[in-house]
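In what follows, a single structure is set out as structure tokens and then discussed.
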There are 2 protein chains.
Amino acid sequence: MAERQYDLGDAELGALKTLWDHGPATVREVLSHLHDSGRRVAYTTVQTLLTRLEQKGYVTSNKSELAYVYRAKLTRDRVTRSRLKTLVKQLYDGAAGPLVMQLIRTEQFTPDEIEELQGLIERLDGEPKQPKR
Amino acid sequence: MAERQYDLGDAELGALKTLWDHGPATVREVLSHLHDSGRRVAYTTVQTLLTRLEQKGYVTSNKSELAYVYRAKLTRDRVTRSRLKTLVKQLYDGAAGPLVMQLIRTEQFTPDEIEELQGLIERLDGEPKQPKR
DNA sequence: GAGATCCTACTACATCTGTCGGAGGATGTC
DNA sequence: GACATCCTCCGACAGATGTAGTAGGATCTC
């Protein structure tokens, strides 16, 4: 009934990730990357994943010499944002605060990241955004 | 073959969330909360969700007077952490940094949250954690 | 040009998840 | 005590997703 969109499954996301990490690739290349990261799947499985990703609008393909080359259509950030939004909504009714606190409290950061974080926070502080919608 | 554990579906998470938000409840109460938030599902659907949540270890139940009362077994933070970890792994090979930056850049925060964030960041800065494992 | 390879298109199937309906027991109401 | 209610237990079914086999065309290799 509802426009339930499962969006991306884990395996699909895994395939998409190889495109982000290594750039456009054929089925065989994606397969190879997946194998490199310890994921053992069949060639046709990867093919199915890429086909479905294309149907869902996450990648595009171009017929080149030998085989179709798949290319990510949405950026990693774009997908990240969407997933985060879903998560925030599901867990905290849309309030991102608690989630960020969680992350900062439980994850590890490099000094560079910490510095960047500080910069971001400071900017947040000074620049009050207008409420959304 | 692998211990693929889908964990929680959206509907299941929604039911669990009512327990976090409103405390222990019977099937009918959860149903009522879901209805309140605009989710129209059947009584037996909720029952199924709670049963599955119990099988998966997310909630426990106690037979009281009239009906079973379900109670969240894992905290919201616990589940949040787990989901975030998965997300971070799937999108960034485990590096939480980029995800936090995303969140901070795209979400809205209350002044209080910003203040709390600043506190957290400062603490991060001063207290270099030892590398995990 | 015959066999080995590689690619695409289909098809298939199991599991997980979302959603319910029906049977049958327990309790409340006249 | 007959009916309406409410609860639990089972079973079912559709769609999404993970995984892969097969058929058949195209290409490479001797």
Side-chain angles (χ1 to χ4, degrees), chain A residues 1-18 24-35 37-71 79 82-83 86-87 90, chain B residues 1-18 24-35 37-71 79 83 86 90:
Chain A
M1 300 278 77
E3 66 302 338
R4 177 96 172 69
Q5 37 185 353
Y6 274 59
D7 240 19
L8 286 187
D10 289 351
E12 290 169 346
L13 187 54
L16 178 54
K17 182 165 176 302
T18 71
T26 62
V27 171
R28 189 154 296 277
E29 287 162 349
V30 169
L31 175 67
S32 160
H33 292 142
L34 289 177
H35 280 182
S37 50
R39 194 107 171 54
R40 286 195 283 98
V41 286
Y43 181 95
T44 48
T45 298
V46 176
Q47 188 188 30
T48 300
L49 294 177
L50 289 172
T51 300
R52 288 181 184 165
L53 280 171
E54 183 163 29
Q55 285 166 354
K56 296 178 181 180
Y58 285 89
V59 308
T60 53
S61 66
N62 278 75
K63 181 77 174 182
S64 85
E65 319 268 326
L66 297 177
Y68 280 104
V69 173
Y70 293 85
R71 177 184 309 270
V79 173
S82 149
R83 298 225 138 189
T86 300
L87 199 59
Q90 288 177 331
Chain B
M1 317 308 82
E3 66 302 339
R4 178 105 173 66
Q5 39 187 349
Y6 276 59
D7 240 20
L8 285 187
D10 288 351
E12 289 169 347
L13 187 54
L16 178 55
K17 182 166 178 300
T18 72
T26 62
V27 171
R28 189 155 296 277
E29 287 163 349
V30 170
L31 175 67
S32 160
H33 292 141
L34 289 176
H35 280 181
S37 50
R39 197 107 172 54
R40 287 195 282 98
V41 287
Y43 182 94
T44 47
T45 299
V46 176
Q47 188 187 31
T48 300
L49 295 177
L50 288 172
T51 301
R52 288 181 185 165
L53 280 170
E54 183 162 27
Q55 286 167 353
K56 295 178 180 181
Y58 285 89
V59 308
T60 53
S61 66
N62 278 74
K63 180 77 174 180
S64 87
E65 320 266 326
L66 297 176
Y68 280 104
V69 173
Y70 292 85
R71 177 185 309 270
V79 172
R83 297 224 136 189
T86 301
Q90 288 176 331

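Below, read A as the first sequence line, B as the second, and so on, with proteins coming before strands; counting in each chain starts at 1.
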Taking only N and O in the side chain of Tyr43(A), is any of them less than 4.0 Å away from OP1 or OP2 of dT8(C)?
-> yes

Do any side-chain nitrogens or oxygens of Lys63(A) fall under 4.0 Å of OP1 or OP2 in dA26(D)?
-> no

Can you identify which nucleotide, out of [options], has its nearest atom closest to the [X] side chain?
X: Glu12(A); options: dG18(C), dC20(C), dT17(D); result: dT17(D)
X: Arg52(B); options: dC6(D), dT19(C), dG22(C); result: dT19(C)
X: Leu49(A); options: dT19(D), dC20(C), dT8(D); result: dT19(D)
X: Arg28(B); options: dC6(D), dC7(C), dT17(D); result: dC6(D)
X: Thr44(B); options: dA20(D), dT8(D), dG21(C); result: dG21(C)

What about Thr45(A): does its side chain form a donor-acceptor pair under 3.5 Å with the base of dG18(D)?
-> no

Return yes if the base of dC7(D) and the side-chain atoms of Thr26(B) contain a donor-acceptor N/O pair under 3.5 Å, otherwise no.
-> no

If each of Leu66(B) and Val41(B) is mapped to the nucleotide of DNA chain C with the nearest heavy atom, which maps nearer the 5' terminus, i.e. the 5' end?
->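 Nearer the 5' end of the strand: Val41(B).
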
When the distance from [atom1] of [X] to [atom2] of [N] is rounded to whole Å, what number comes out?
X: Leu16(A); N: dT17(D); atom1: CG; atom2: P; value: 14 Å
X: Leu50(B); N: dC10(D); atom1: CG; atom2: C1'; value: 17 Å
X: Tyr68(A); N: dA9(C); atom1: OH; atom2: C1'; value: 10 Å
X: Leu53(B); N: dG18(C); atom1: CG; atom2: C1'; value: 13 Å
X: Glu29(B); N: dT8(D); atom1: CD; atom2: P; value: 11 Å
X: Leu13(B); N: dT19(C); atom1: CG; atom2: P; value: 13 Å
X: Leu31(B); N: dG18(C); atom1: CG; atom2: C1'; value: 15 Å
X: Arg39(A); N: dA20(D); atom1: CZ; atom2: C1'; value: 13 Å

Distance-only, no hydrogens or angles: does the [X] side chain make a donor-acceptor pair with backbone N or O of [Y] under 3.5 Å?
X: His35(A); Y: Val41(A); result: yes
X: Glu12(B); Y: Arg52(B); result: no
X: Thr26(A); Y: Glu29(A); result: yes
X: Gln90(B); Y: Leu13(A); result: no

Atom pair OG1/CZ of Thr45(A) and Arg40(A) - distance to nearest 0.5 Å |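 That separation rounds to 12.5 Å.
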
Touch check for Gln47(A), heavy atoms < 4.0 angstrom, all strands: base, sugar-phosphate only, or nothing?
->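 Base, at least one base atom sits under 4.0 Å.
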
Looking at every strand, decide which applies to Thr51(A) at a 4.0 Å heavy-atom threshold: base, sugar-phosphate, or nothing.
-> nothing

